[in-house]
Amino acid sequence: MKDGQNRLIDYMRISITDRCNLRCIYCMPEEGIACMSHDEILSFEEIYRVVKSAGNLGVRKIKLTGGEPLVRKNIVQLIEMLRKDAKMEQVTLTTNGILLSKMAKDLKQAGLTSVNISLDTLKREQFAKVTRRDQLDDVLEGMKTCIEVGIPVKINCVPVKEINGDHLLEIAELAKKYPVSVRFIEMMPIGYGKQYEPIPNDKILEQLEEKYGKAVLSNKVYGNGPAVYYEFEGFKKGIGFISAVSHEFCENCNRIRLTSDGRLKLCLHHKDGTDLRELLRDGISEEDLTEVLRNAILRKPVSHQFYEKTIDEEETRAMVQIGG
Ligand code: SAM
Ligand code: SF4
């Protein structure tokens, strides 16, 4: 359906857990966060009901995220349910990749359409510093296993001077070496991310063009979102840029979000949200839930306001709690 700004909404990001097996410095504190109890988070059956109603309004694509979605037990069954029973055209996953090599085959069989793997550095020591866990090899193994079993892979990298500023081209070159696209996602001033200065995507594009020649704006469809892709000679896949900060893209936003505790969020940066959990547990019908979603979507905010200090609806929770 179209929202109040005439934007087509066909994509829902669902956070299925607030737990994680890494502790990325821009996302979580070292000691972790106080996790929600089992009862507080939506069950698979409840998620299914929300997706079914969203499907009635034209949502066709689901991204599972978290926390780390692969730590949620039986995620494979959830993917199968969303593909086969809720008839979603795409069910994709954003993951840190740690558990992928073990799970890729089952995920593929369940109908997972593609995977985004977050990887900010290719240097082992740096990886251990950024994620507070020494597990770079597991992520690379996970990426390779996905390629082997035929799950399309996108690598997501958040460019920050002190994390990876000295080897961003090396990360981009994963798209030269492997059939994976690489996307640079500007750090957003949300949660712990506020402490870090983003490297603007234009700077990275400049560096890439210096080394690899003029970038060609891609006309291939790589994803569902706001990334702009370029092709470089000799690369197997495109390099994408998501410039939430330097080039606001809210006018083309196609998504809504569901937090793990059942809040429907219309914008990443706004605190707003409709509590669907209570309605679900009170036994709301599919029809009524569809109407609740419709009314909420019509009120989707026009844009984020990252640098408006006075905004009183600003989201104050960490990314791991919202579902990045
Ligand atoms: N654990 C999974 C992962 O790391 O892909 C899924 C959840 S994580 C919150 C989703 C994505 O959000 C990751 O790619 C992470 O790098 C990104 N992220 C976290 N905090 C961010 C921030 N302040 N700005 C931009 N991206 C951020
Ligand atoms: Fe975990 Fe993803 Fe946050 Fe890193 S970015 S701490 S992997 S949720």
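Just so it is clear, the values below take in all heavy atoms, side chains as well, and ignore hydrogens, waters and symmetry mates. In each ligand, atom 1 is the first atom listed, and ligand 1 is the first ligand listed.
E291 and R294 are joined by a salt bridge, as a carboxylate oxygen and a charged side-chain nitrogen come within less than 4.0 angstrom of each other. Remark: E209 engages K214 in a salt bridge, criterion side-chain N to carboxylate O under 4.0 Å.
In summary, the atoms of ligand 1 found under 4.0 Å from a heavy atom of M187, numbered by their order in the structure, are 22 (C), 23 (N), 24 (N), 25 (C). The G193 neighbourhood of ligand 1 comprises atoms 23 (N), with distances under 4.0 Å to a heavy atom of that residue. Near E68, meaning under 4.0 Å from any of its heavy atoms, are these atoms of ligand 1: 1 (N), 2 (C). In the vicinity of G67, heavy-atom distances shorter than 4.0 Å reach the ligand 2 atoms 8 (S). Set against the non-hydrogen atoms of N96, the atoms of ligand 1 under 4.0 Å away are 2 (C), 3 (C), 5 (O). The ligand atoms of ligand 1 that sit less than 4.0 angstrom from a heavy atom of T65 are 6 (C), 7 (C). Under a 4.0 Å criterion applied to the non-hydrogen atoms of E186, ligand 1 contributes the atoms 25 (C). Each of the atoms 1 (N), 2 (C), 6 (C), 7 (C) of ligand 1 lies under 4.0 Å from some heavy atom of G67. When each atom of ligand 1 is checked for a heavy atom of V158 under 4.0 Å away, the hits are 16 (O), 26 (N).
A distance-only check finds no donor-acceptor pair linking the side chain of D10 to the backbone of K61 [under 3.5 Å].
Heavy atoms of K194 found under 4.0 angstrom from ligand 1: none, in either backbone or side chain. Contact annotation for T95 and ligand 1: only backbone heavy atoms (N, CA, C, O) come within less than 4.0 Å of the ligand. At a heavy-atom cutoff of 4.0 Å, ligand 1 is contacted by both the backbone and the side chain of T94.
The nearest N, O or S atom of C24 is not closer to atom 3 (Fe) of ligand 2 than 2.8 Å. Because the distance cut-off is set at 2.8 Å, C27 fails to qualify as a neighbour of atom 1 (Fe) of ligand 2, as none of its N, O or S atoms comes that close.
E173 and Y212 share a side-chain donor-acceptor pair at under 3.5 Å. Looking only at atom types and distance, the side chain of K63 has a donor-acceptor partner in the side chain of T92 under 3.5 Å away. Defined by atom type and a distance below 3.5 Å, a donor-acceptor pair is present between the side-chain atoms of N56 and E286. For the residue pair E68 / N21, no side-chain donor-acceptor distance below 3.5 Å is found, with atom types taken as modelled.
Residue N116 places no N or O, backbone or side chain, under 3.5 Å from any N or O of ligand 1. When only interatomic distances are considered, the shortest N/O to N/O separation between M188 and ligand 1 falls below 3.5 Å.
The closest approach between a heavy atom of G191 and any atom of ligand 1 is not below 4.0 Å. No heavy atom of I185 sits closer than 4.0 Å to any atom of ligand 1.
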Apply the test side-chain hydrogen bond (donor to acceptor under 3.5 Å, both in side chains) to residues S243 and N201: give CA-CA distance (whole Å), side-chain angles for both, the deciding distance (0.1 Å), then the verdict. CA-CA 6 Å; S243 313; N201 276 337; 3.0 Å; yes
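For residues 27-43, the pairs satisfying side-chain hydrogen bond (donor to acceptor under 3.5 Å, both in side chains) are S37-E40, S43-E46, with sequence neighbours left out.
In this view, F127 satisfies the ring-ring contact (aromatic ring centres under 6.0 Å, His included) rule with no residue, not counting sequence neighbours.
A chain of hydrophobic side-chain contacts below 4.5 Å, direct or via other Ile, Leu, Val, Met, Phe, Trp or Tyr residues, connects I171 to L169.
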